[in-house]
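Worksheet for the structure shown next.
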Amino acid sequence: MTPTPGPLDGATAGPADEARESDAFAELLRGAFRPTALVGVLAVVGSVFSGVTAAWSAALGAAIVLGFFTASLLVMKRTAHLPPTTVMAVVMITSTVKVIVPGIVLFAVRDASWLNGYAAGVTITVCALVWLFFEMRAYKRLRIFAFSPDEKAGA
């Protein structure tokens with residue numbers, strides 16, 4: 001069995017494949033961004049009861065997650081045409097960056113009076129989990145096959 005190139009595996013051949021690839025990344029972005037933004041808004045609204053500082057911190061946490069996770073999808077889209085090993089390296093680097101940088105940001109401002117670390121930390125954690133869940137859900141719905149289901153077993 002020969003693997004069939006999918007819209008996300010970097011084996012694009014022409015404009016139709018590029019359009020399909022762009023649609024796949026747009027679907028991943030839509031599938032993850034909307035629920036995460038909704039959870040971010042809910043976190044801000046819930047944090048209002050703890051004060052303006054908590055609400056601001058929750059908004060900042062949601063913005064950090066939305067920004068870094070959107071950027072990582074855009075980087076993946078821009079590098080999808082590269083060889084698979086390069087794409088894997090880029091994905092590993094962006095995954096590391098989107099985990100470490102928010103942690104560094106929170107560590108750097110841990111003593112700031114304008115930031116509620118608890119509200120920001122909880123919002124970042126919840127928004128990241130929501131993003132990952134809905135991104136996986138959107139990817140599953142794309143139905144990208146690792147092999148061609150139409151191929152004969154003996155071929």
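The figures that follow rest on heavy atoms only: side chains count, while hydrogens, waters and symmetry mates do not.
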**OP:** List for me each residue that meets side-chain hydrogen bond (donor to acceptor under 3.5 Å, both in side chains) alongside R30, sequence neighbours excluded, and say none if there are none.
**Re:** E27
Original post:
According to the side-chain hydrogen bond (donor to acceptor under 3.5 Å, both in side chains) rule, which pairs have a member within residues 32-44, sequence neighbours left out?
Top reply: none
Original post:
Sequence neighbours excluded, which residues qualify as side chain to side chain contact (heavy atoms under 4.5 Å, CB included) partners of A138?
Top reply: L28
**OP:** Please go through M92's hydrophobic cluster and name the other residues, only I, L, V, M, F, W, Y counting, with side-chain heavy atoms under 4.5 Å joining them.
**Re:** M88
Original post:
If we only count heavy atoms from C-beta on, is the W131 to T70 side-chain gap below 4.5 Å?
Top reply: yes
Original post:
Should L132 and V65 be regarded as members of a common hydrophobic cluster, given that ILVMFWY residues are connected when their side-chain heavy atoms come within less than 4.5 Å of each other, either directly or indirectly?
Top reply: yes
Original post:
Atom CG of L60 and atom OG1 of T123: how far apart are they, to the nearest 0.5 Å?
Top reply: 9.5 Å
Can you give each donor-acceptor pair under 3.5 Å made by side-chain atoms of residues 103-115, sequence neighbours left out, with the distance rounded to 0.1 Å?
residue: R110; atom: NH1; partner: F107; partner atom: O; Å: 2.7

Original post:
When Ile, Leu, Val, Met, Phe, Trp and Tyr are grouped by side-chain heavy atoms lying under 4.5 Å apart, directly or through other members, which residues fall in the same group as L38?
Top reply: L42
Subject >> Same cluster (ILVMFWY, side-chain, under 4.5 Å), V75 and I64 >> reply: no
**OP:** Kindly give the cluster partners of F134, where membership spreads through any ILVMFWY side chain lying under 4.5 Å from a current member.
**Re:** V39, Y118, V122, V126, V130, F133
Subject >> In one Ile/Leu/Val/Met/Phe/Trp/Tyr side-chain cluster, 4.5 Å: V44, F33 >> reply: no
Original post:
side-chain hydrogen bond (donor to acceptor under 3.5 Å, both in side chains): which pairs involve residues 40-64, sequence neighbours left out?
Top reply: none
Original post:
Taking all atoms of both residues into account, what is the closest heavy-atom pair of L82 and T86, and its distance?
Top reply: CD1-CG2, 3.8 Å
Original post:
Partners of T94 by side-chain hydrogen bond (donor to acceptor under 3.5 Å, both in side chains), sequence neighbours excluded?
Top reply: none
**OP:** Could you tell me which residues satisfy side chain to side chain contact (heavy atoms under 4.5 Å, CB included) with V97, sequence neighbours excluded, listed by chain and number?
**Re:** F68, I93, V101
Original post:
Considering residues at least two apart in sequence or located in another chain, which fulfil the side chain to side chain contact (heavy atoms under 4.5 Å, CB included) criterion with S95?
Top reply: V91, K98
**OP:** Indicate yes or no: at least one non-hydrogen side-chain atom of E135 is less than 4.5 angstrom from one of L73.
**Re:** yes
**OP:** Indicate if L66 and M76 have the same hydrophobic cluster label, given that clusters are the connected sets of ILVMFWY residues with side-chain heavy-atom separations under 4.5 angstrom.
**Re:** yes
